[in-house]
Amino acid sequence: MKKNKEPLRMCIVCRQMKPKIELIRIVKTPDEIIVNANKVNGRGMYVCKDSKCIESCCKKKLINKTLSCPVEDSVYDLLKESANNAK
Ligand SMILES: [Zn+2]
């Protein structure tokens with residue numbers, strides 16, 4: 001239990017730094033946007049596994065803003081589902 005240097009990642013919603021285990025990773029590949037993409041290479045972003053962060057991410061379409069590209073609603077649906085599964 002001595003992991004002092006756990007790498008932190010920033011949630012795109014609340015902009016807090018958190019350990020990866022508390023975050024959902026979203027990756028943009030050339031073909032699609034993958035939610036919960038822990039083992040996929042590509043440009044990644046993180047959202048807290050927290051209903052408030054996920055809701056405001058969906059409401060504000062923050063994935064679109066972060067990627068500066070259109071994002072299908074299904075991506076946001078998946079994000080909500082991942083949050084439910086994480087509980
Ligand atoms: Zn957050």
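Indexing begins at 1, ligand by ligand and atom by atom, following the structure's order.
Through ILVMFWY side-chain contacts below 4.5 Å, I21 is grouped with nothing and stands alone.
Near-neighbour remark for the Zn ion (ligand 1): protein N, O or S atoms under 2.8 Å are C11 SG, C14 SG, C48 SG, C53 SG; waters not counted.
Residue pairs that meet the salt bridge (Lys or Arg N to Asp or Glu O under 4.0 Å) test with at least one member in residues 13-37, sequence neighbours left out, do not exist here. Pairs of residues two or more places apart, or lying in two chains, that qualify as salt bridge (Lys or Arg N to Asp or Glu O under 4.0 Å) and include a residue from residues 65-77 are K61-D73.
Rounding to the nearest 0.5 Å places CD1 of I26 at 5.0 Å from CG of L79.
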Can you list the steps and then say if I24 with I54 is a side chain to side chain contact (heavy atoms under 4.5 Å, CB included)? CA-CA 10 Å; I24 298 169; I54 288 168; 3.9 Å; yes
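Side-chain atoms of Y76 come within 3.5 Å of backbone atoms of I63 as a donor-acceptor pair (strictly under, hydrogens ignored).
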